[in-house]
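Counting starts at 1 for both ligands and their atoms, in listed order.
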Amino acid sequence: MTNLDAFLKDRAPADLSRLLLTIASTSTLVRRALPFTTRLTRGVNPSGERQTEIDVYANELFASSLLATGLVGEVASEEMAEPRRGRGRVHVAMDPLDGSSNISTNNPLGSIFGFYSSALPCAGDRLLGSAFVTYGPMLTLTYTTGAGVHTFVAAEGQDGDAFILMEENASIPEKPEVFGLGGQRKDWIEPVERFVASLEARGLKLRYGGTFVGDFNQVLHYGGIFAYPALKHRPRGKLRVLYEAAPMALITRQAGGSASDGSKDILSLLPSELAETTPLYLGSTGLVREVESLIRGS
Ligand code: AFP
């Protein structure tokens, strides 16, 4: 059994290793709090979405533990209007609790982190690494620091939770099997509707739960495509470039896939504000190219 600490030595820069270990240990606290902190608060996040207690709690725990390492220059979060500043060199953008509207149905939730080398907002080509946590039947941490995608699972031991290697060098399978798209079919732009009809005709299975992390994990393991597409009334989609799209795009690329906004690589987008959104199509490269070509031709 290889644990996260041992695995990171010699494989990842020391500062990113420390941040990943911090995220792993903090995620165990979030998981423990989850059943007891699910009510809605009166607050809304900068995108106008109602916050739950656990959104606020997870945000506070991750922001304070990351800043306490002394390695972080700023933490920007989907749940905060302004970043919190530190004195380190790594700029962290995070979605501390992805999919919180799924709490009441007990579906998987997640947390997403991007580690940038420049002040935010900046383009995804400034990512030093990224990670996501899945709070599902298992608590897992998946990360890349540019040398493959690796997943660790929390296992309770005598000294608390240890994160044990579950999958090394994940890669999106060649033959795509699943797809999942956010929003409603009637709102998708027309080329996306045609694309989905062709996926269905080819026998790909619809797998959609409404938590990006959970839905992406299916694509990572079964091959296929996840999209939160451009909508007719919301051409820039729903998911945020810095907090969600770019960190997951880096993991996708490291797992052999691609991520696009419909015409450009997600990692090339330079958002002008922290909470800027983008249409997002990511997963098996062949399918991402197909949807790009349909959008281009429309
Ligand atoms: P919540 O955090 O408000 O539950 O939103 C989750 C999310 O940002 C992302 O995880 C999903 O992919 C997407 O929204 C689902 O949105 P739809 O409900 O519009 O399909």
Asks: Looking only at non-hydrogen atoms, find the nearest pair between Ala123 and Ser268 and report the distance.
Replies: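 Heavy atoms only, the tightest pair is CB-O, 4.3 Å.
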Asks: Of the options Leu282, Thr285, Leu267, Ile266, which is the one that meets Arg253 in a side-chain contact (heavy atoms from CB on, under 4.5 Å)?
Replies: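 The residue from Leu282, Thr285, Leu267, Ile266 that satisfies side-chain contact (heavy atoms from CB on, under 4.5 Å) with Arg253 turns out to be Leu267.
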Asks: Could you work out, with ring pair (Phe, Tyr, Trp, His ring centres under 6.0 Å) as the rule, every residue matching Phe132, not counting sequence neighbours?
Replies: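 Once residues adjacent in sequence are excluded, the partners of Phe132 under the ring pair (Phe, Tyr, Trp, His ring centres under 6.0 Å) criterion are Phe216.
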Asks: Can you sort out the partners of Thr26 under side chain to side chain donor-acceptor pair (under 3.5 Å), two or more places apart, ordered by chain and number?
Replies: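 Checked Thr26 against side chain to side chain donor-acceptor pair (under 3.5 Å); matches are Ser65.
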Asks: Can you name the salt bridge (charged side-chain N to carboxylate O under 4.0 Å, His left out) partners of Arg39, sequence neighbours left out?
Replies: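 Counting only residues at least two positions away or on another chain, Arg39 forms a salt bridge (charged side-chain N to carboxylate O under 4.0 Å, His left out) with Glu53.
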Asks: Using heavy atoms and a cut-off under 4.0 Å, could you grab the residues that are in contact with ligand 1, chain by chain, numbers ascending?
Replies: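 For ligand 1, the residues that come within the 4.0 Å heavy-atom cutoff are Asp98, Gly99, Ser100, Ser101, Gly182, Gly183, Tyr208, Gly210, Thr211, Phe212, Phe226, Tyr228, Lys238, Leu239, Glu244.
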Asks: What do you reckon, are the aromatic ring centroids of Phe113 and Phe62 less than 6.0 Å apart?
Replies: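 Yes: the rings meet the under 6.0 Å criterion.
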